[in-house]
Protein chains: 2
Amino acid sequence: MLKYIDKLRNSGLRPTKQRLQICEVLFDTDKTFHFTIYELEKKIKKQINNRISLATVYNTVHAFEKKGYLKQIPINSNQTYFDTNVTDHHHFYDLKDEKLIDLENCDVGPINILKKINGKKIKSVEVLVKLED
Amino acid sequence: MLKYIDKLRNSGLRPTKQRLQICEVLFDTDKTFHFTIYELEKKIKKQINNRISLATVYNTVHAFEKKGYLKQIPINSNQTYFDTNVTDHHHFYDLKDEKLIDLENCDVGPINILKKINGKKIKSVEVLVKLED
DNA sequence: ACACCTATTTAGAATCATTATAAACTGAAT
DNA sequence: ATTCAGTTTATAATGATTCTAAATAGGTGT
């Protein structure tokens, strides 16, 4: 608990009950995972014996993303996918099962972007590998 | 015109007036371009002196995508982006201006996906390079 | 502990892209 | 020309996300 209180305080977010519970669901696990808001809401209901308003889930996820505790995954879907793995990495997307799979940086050769855009710098390089049967 | 009639016939799509007009807007140009449905609708209104129902624009774009005449660009946005450039290539995304820029394959080093997923094969490898100031 | 102020939560409404519906229309084959 | 499946269309429905405004709760100073 204390580590989440610190984490939130350090980023200027008040450690409210809801935010701490969402931290537990998101970060109290060895494995990182991918989720949509819909899936996260279900997970919260199941894991914590407390209902959190949908608006709060949206607010919190966006706040955490802004602070770098979550990453949005660029993918074409009607829903937005997030990742609790915020390290530099990539994704497989299984078109049939509609599932994401992590692709560590070392599983993709080094990527060297040769083209430069004037006055802009590269913030991130993300690879999406679509899979079919 | 005839080339589009053939193009449509060859893919089992009836060459209707609307589809031919959308072909003109999409493919009668040297440069390829990126668009959302909203932008395409505006372009059609301006370029062709004829209104095409929004539903038809959606239907047609999806039909063309299925046939490989358009590509969807994986990006997190509330709107879906399409590309008339269907060659194997990548994108810059300028976060500030919310604009896409093509990144030819040769501008990105060769990408070698080392991890394999059982029973699945790679359909596409897409790189999104986010730009900031 | 109390009061106060602002950040946060909340239910519900609003928005907006996209998809579904069902009736009218059209291309193409007979 | 007739017919029929494929298309188009206006409109309604859907569904994810954002907005709103009132209620609540941290945190600070007393």
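Basis for what follows: all heavy atoms, side chains included, without hydrogens, waters or symmetry-related copies. Because the structure is predicted, anything quoted here is derived from the model rather than measured. Here is the naming used below: chain letters follow the sequence lines, and residue numbers restart at 1 for every chain.
The side chain to side chain contact (heavy atoms under 4.5 Å, CB included) test applied to Thr16(B) returns Arg14(B), Gln18(B), Arg19(B), not counting sequence neighbours. With sequence neighbours left out, Thr36(A) forms a side chain to side chain contact (heavy atoms under 4.5 Å, CB included) with Tyr38(A), Glu39(A), Gln79(A), Tyr81(A). Contacts of Tyr93(A) classified as ring-ring contact (aromatic ring centres under 6.0 Å, His included), with partners at least two apart in sequence or in another chain: none. Residues passing the salt bridge (Lys or Arg N to Asp or Glu O under 4.0 Å) test with Lys130(A), sequence neighbours excluded: Glu126(B). Lys66(B) is linked by a side chain to side chain contact (heavy atoms under 4.5 Å, CB included) to nothing, counting only residues two or more places apart in sequence or in another chain.
For the salt bridge (Lys or Arg N to Asp or Glu O under 4.0 Å) condition, the pairs that include at least one residue of residues 78-94 of chain A, sequence neighbours left out, are Asp94(A)-Lys120(B).
For the contact set between residues 69-85 of chain B and DNA chain C, defined by any heavy atom under 4.0 Å, the members are Asn78(B), Gln79(B), Thr80(B). Only Arg51(A), Ile52(A), Ser53(A), Ala55(A), Thr56(A), Asn59(A), listed by number, bring a heavy atom of residues 34-65 of chain A to less than 4.0 angstrom from any atom of DNA chain C.
Read 5' to 3', the first and last nucleotides of DNA chain C with an atom closer than 4.0 Å to a heavy atom of chain B are dA17(C) to dA28(C).
For Lys116(A), the NZ atom counts as densely surrounded, since its 6.0 Å shell holds more than 12 non-hydrogen atoms of other residues, nucleotides or ligands. Within a 6.0 Å radius of NZ in Lys115(B), other residues, nucleotides and ligands contribute more than 12 heavy atoms.
Placement of Tyr69(B) and Ile5(B) within a single hydrophobic cluster is found when ILVMFWY residues are connected by side-chain heavy-atom separations under 4.5 Å, directly or transitively.
For dT9(D), one of the phosphate oxygens OP1 or OP2 lies less than 4.0 angstrom from a side-chain nitrogen or oxygen of Gln18(B).
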Would you check, one step at a time, whether the test side chain to side chain contact (heavy atoms under 4.5 Å, CB included) holds for Lys123(A) with Leu95(B)?
CA-CA 9 Å; Lys123(A) 192 190 179 194; Leu95(B) 291 165; 3.6 Å; yes
Side chain to side chain contact (heavy atoms under 4.5 Å, CB included) between Lys43(B) and Ile48(B): does it pass, once the steps are laid out?
CA-CA 8 Å; Lys43(B) 207 168 179 339; Ile48(B) 310 288; over 6 Å; no
When you compare the protein's N or O atoms with those of nucleotides 4-6 of chain D, which come within less than 3.5 Å of each other, and at what distance?
residue	atom	partner	partner atom	Å
dG6(D)	O4'	Arg14(B)	NH2	3.3

Between the protein and nucleotides 12-14 of chain D, list every N/O to N/O distance that falls short of 3.5 Å.
none

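At least one side-chain heavy atom of Glu104(B) sits less than 4.5 Å from a side-chain heavy atom of Asn85(B). Counting heavy atoms from C-beta outward, Phe82(B) and Phe33(B) have side chains that stay 4.5 Å or more apart.
Other residues sharing the hydrophobic cluster of Ile113(A), ordered by chain and number and joined by side-chain separations under 4.5 Å: Phe92(A), Ile101(A), Leu103(A), Val108(A), Ile111(A), Ile117(A), Ile122(A), Val125(A), Val127(A), Val129(A), Leu131(A), Phe92(B), Ile101(B), Leu103(B), Val108(B), Ile111(B), Ile113(B), Ile117(B), Ile122(B), Val125(B), Val127(B), Val129(B), Leu131(B).
Across all non-hydrogen atoms, the minimal contact from Ile44(B) to Asn50(B) is CG2-O, 4.2 Å.
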